[in-house]
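Working notes, beginning with the structure itself.
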Amino acid sequence: MATERYNAREVEARWQKVWNDKDVFVTHNDDPREKYYVLEMFPYPSGRIHMGHVRNYAMGDVVARYKRAKGFNVLHPMGWDAFGMPAENAAMQNNVHPKDWTYENIAAMREQLKIMGLSLDWSREFATCDVDYYTQQQRLFLKFLDSDLVYRKNAKVNWDPVDMTVLANEQVIDGRGWRSGALVEQRELTQWFFKISDYSEDLLDAIDSLDRWPDKVRLMQKNWIGRSEGLRVRFEFAEAAPTGDTTLEIFTTRPDTLFGASFMGLSPDHPISDKLAETNAELKTFIEECRRVGTSEEAIEKAEKKGIDTGLRVKHPLDSSIELPVYVANFILMDYGTGAIFACPAHDQRDLDFARKYNLPVKPVVLPKDADANSFDVGTEAYTDEGTIFNSDFLDGLSIPDAKEAIAKKLETNTVEGTPQGERQINYRLRDWGISRQRYWGCPIPVIHCDACGVVPEKDENLPVQLPDDINFDKPGNPLDRHPTWRETTCPSCGKPAKRETDTMDTFVDSSWYFARFTAPGCDQPTDPEAANGWLAVDQYIGGVEHAILHLLYSRFFTRAMQKVGAVDLKEPFKGLFTQGMVTHETYRLGEGNAASWVSPAEIRIEDNEGTRRATLVDTGEEVKIGSIEKMSKSKKNTVDPTDIIDTYGADTARWFMLSDSPPERDVIWTEDGVQGAWRFVQRVWRLIGDIAEKSEPRGGAAPDVSGKALDLRRASHKTLAAVSIDLENLGFNRAVAKLYELVNTISKTTSEGLDDAGKAYAVREAADYLVQMMAPMMPHLAEQCWHVLGHDNLISEAKWPTADEALLAEDSVTYPIQINGKRRGELTISKEASKDEVEAATLALDFVQRTLEGKSPKKLIVVPQRIVNVVV
RNA sequence: GCGGGCGUGGUGGAAUUGGUAGACACAAGGGACUUAAAAUCCCUCGGCCCUAGGCUGUACGGGUUCGAGUCCCGUCGCCCGCACCA
């Protein structure tokens, strides 16, 4: 073996330096070529990159390098989603300043990303905590405020009375604060909101135009926005409620079941519930209990249906002789509709569970198709499917949609206290976006509270409202609140002393427009519209599916809002979206039961005895239990550090392994064997290319006429080229990898048979060039080195993607599988041009077909051109 | 609870979207080379039947079709999301 072993570490560093010195990946806005914007979701600077980043950025880099080779002017930037709670947690735990902690983490992670060899334009890098970035974000906020896209209202938050802080839902565990353990209270705070609900309809309708998004994400967004058509109905109280209300307004999507009404339900957060609780201790306790369940829809829906009769009664809107009891019930959300419902237990599962528990009437009003009106009864399962209305006065015999229409018409004309009793309404589940966070490490909301003028926006020329550096976390609460001077300012309107808003923005705001900022990162306005409109939308966005709803929906809203204030001129920020799967790994546990502890892969050794795997601790030899495969996480210690892998095998091996085998949208299992397989492939390619470079000359001039093995190889490499190009276009990395393995096998075979004639030498050389070019987006360093060895004097990173020769792709014959009664019994190779008749004749002439037919003619003969033949006997 | 997804050899997965199931890779077993190991190369590898060859096989049970891993109905199992984590 003439060639030396491939030294990834040395080679990778060398090419990275060449790329960097030559500014190969720096993008210019005035480049006249067609643009292509590829973006991976930017990372939170936790301090170290993890395998999930490697996978995400490897995929994006393949797209970027491939599109560059295809002649596009590619924008492929990187930045940092740098505000957020972890920096404050670190500040509290380790007494470091959030700013120092964050920028140190960024520096460390930048170096780690650089050794991955990503083709990024680092000149556009920024962090969202850069003063420059959040200055522009404040400017955007003020423009939104000016355009009526922002407002203030009260909203409930989880309040930790010991830490004196607002808690995220995930920080509330069993009703207690995660850090203090104190019982969490619900508090009302005045908070800032973006009017995303103004765009409910538009955000929903435009989902259909996002045809390069995964269906799954589109559906999740549709459900999230949650459009429903229904009726707002006012029920008259038999006696006025203690709030003075004489009617109870509810929203329903099933007005057709109104005659099946059995009781009314109020949310525990409904104003009437609140008022009643003042004089009703039992109800008060119940409401408090409900609030401890948590605010998530899941928790509320799963909880046992419970309620308390308020003693209030309402009149049925269509039959005033019927009075319905009003309950406060734990399964009714205040945020949806009016916070009050009428319940029809026969046709709603939640209502039914409740009715059975409290022995309330269950009157069916929808009759299934084949059921008998006299005997149809609902047991423990509500009937929610189609049917005919019965037991319902003037609605009897109607279909559900017709009954809905009839009820709506009737109630629209009825009046209660001079206003219509019913009103058609389209309701959305989507709520306005609360952006206030009572925290330090975020973008300050640039408004001022003045005793005389109220809430006043900061003047544009006074921006930025900069975070103070001299803060500490030794006391509970928000450091901005207790800073000795930071709050003190003067009112931009009247000039008198006033106080700054101390809330900062949700970090989702930061990530809702960073993609636009990358198009002109130094601009003294939020965007340079010319640059932004030129580059946007992002052609391919890649990231985790965990962002399927919030980040993506907020960004879609933000783009519309930015359009309204003239910062960009488009609605949809991401034309193509791809959500990659997670990186998982086996888990290992030492000990049994409660005493068991997690052990990291680095601490163990695995032995494989005839397929039985056994793990032991490297240090002590103790047996370790091999557990299930889980998402890599610190808590389960099943992480593998990318930098360790890159140190050992190089970035190309890590990238290649992340892209092989598993489809990119699915989870991938990290295994040591898998990495080693990738590593062996790197070495194998290196040997093969070295061998070819030694035994043959670079190609010159036009392709010679070849035949036999040489022609076969040319066909194979051109076919692979065509197929891999399609795979890369579709982000089918695992399929591309498999085809490249196949091509290497083919080239190896041909090369090992000797490169005696010129045709063969040409074919092998061509195949080698193509192989290396196809590999280049995935393993750029190895490809660059091989390209050099093969005698090219340009950079493969700047080389044009080759085009497959159509003539070599066309086969002159086709092999048909021949089925008899749908089962494959043989095959037939025949000219590609053969007519259907010729194929039929040739099929019938086949030995095994003749044998089966025994002289008879087939019942049916199906010929699918270029595909298959089926003989039915 | 509601909504969605997935289920193919020992393993990860291919399958031109209704047309030869198991490409490619990993693991395993056997062999070559080697003083030995590593590396490399060659062979076997869904199950069953003694072979030629055949039967069977894509979670399970039905159906549509000339033909189903792919479409439809039902069952089972696993996974994900559900509004202050980013």
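Labels below follow one simple rule: chain letters A, B, ... track the order of the sequence lines, proteins then strands, and each chain is numbered from 1. As a basis for the values below, the full set of heavy atoms in this structure was taken, side chains included, without hydrogen atoms, waters or symmetry mates.
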Separation of C82(B) atom P from I549(A) atom CD1, nearest Å, is 7 Å
Rounded distance in Å - OH (Y336(A)) to P (A83(B)): 15 Å
Find the partner of A27(B): check Watson-Crick (N1-N3 plus N6-O4 or O6-N4) and G-U wobble (N1-O2, O6-N3) distances, both under 3.5 Å, and reply none if neither fits. none
Complementary nucleotide of A86(B), counting Watson-Crick and G-U pairs under 3.5 Å: none
Paired with C48(B) by Watson-Crick or G-U wobble geometry, both distances under 3.5 Å: which nucleotide is it? G54(B)
Could you give the distance separating A59(B) and G69(B) at their P atoms, to the nearest angstrom? 10 Å
Can you identify which nucleotide, out of A27(B), A83(B), C85(B), has its nearest atom closest to the D673(A) side chain? A27(B)
With Y554(A), the ring-ring contact (aromatic ring centres under 6.0 Å, His included) member among W513(A), Y514(A), W433(A): W433(A)
Is there a Watson-Crick or G-U wobble partner for A59(B) with both distances under 3.5 Å, and if so, which one is it? U75(B)
If the P atom of U44(B) is compared with that of A23(B), how far apart are they to the nearest Å? 12 Å
Among the nucleotides A15(B), G4(B), C85(B), which one has an atom lying closest to any side-chain atom of K216(A)? G4(B)
When the C1' atoms of G1(B) and C55(B) are considered, how many whole Å apart are they? 48 Å
If you draw a 6.0 Å radius around NZ in K153(A), do more than 12 non-hydrogen atoms from other residues or ligands fall strictly inside? yes
Base-pairing assignment for U40(B) (Watson-Crick or G-U wobble, both under 3.5 Å): A32(B)
Of the listed nucleotides (A83(B), U20(B), G13(B)), which one gets closest to any side-chain atom of L430(A)? A83(B)
Among I445(A), T128(A), I435(A), the one residue meeting side-chain contact (heavy atoms from CB on, under 4.5 Å) with V509(A): I435(A)
Compare side-chain N and O positions of R680(A) against OP1 and OP2 of A27(B) and report whether any pair is under 4.0 Å apart. yes
Checking contacts here: which listed nucleotide (C66(B), U40(B), A14(B)) is nearest the side-chain heavy atoms of R687(A)? U40(B)
What nucleotide, of G13(B), C24(B), U17(B), holds the atom closest to the side chain of Y741(A)? C24(B)
Candidate nucleotides A14(B), C24(B), A83(B), ranked by approach to the side chain of A738(A) - the nearest: C24(B)
Given the P atoms of U70(B) and G61(B), what is the spacing between them in whole Å? 13 Å
Would you measure the distance from the P atom in G7(B) across to the matching atom in C60(B) and give it in whole Å? 13 Å
Which nucleotide in the set A86(B), A14(B), G19(B) lies at the smallest distance from any side-chain heavy atom of H547(A)? A86(B)
Check whether any side-chain N or O of R825(A) sits under 4.0 Å from OP1 or OP2 of U20(B), and answer yes or no. no
Let me see the working for T102(A) and W80(A) under side chain to side chain donor-acceptor pair (under 3.5 Å), right down to the final yes or no. CA-CA 10 Å; T102(A) 303; W80(A) 309 96; over 6 Å; no
It should be established whether N734(A) places a side-chain nitrogen or oxygen under 4.0 Å from OP1 or OP2 of nucleotide C24(B). no
Look through every strand shown and name the nucleotide pairing with U17(B) as Watson-Crick or G-U wobble, where both distances are under 3.5 Å. none
Nearest to side-chain heavy atoms of R439(A), which nucleotide of G13(B), C84(B), C41(B): C84(B)
R429(A) side chain: which of C84(B), G19(B), C82(B) is closest? C82(B)
Inter-nucleotide C1' distance (U58(B), U51(B)), Å rounded: 28 Å
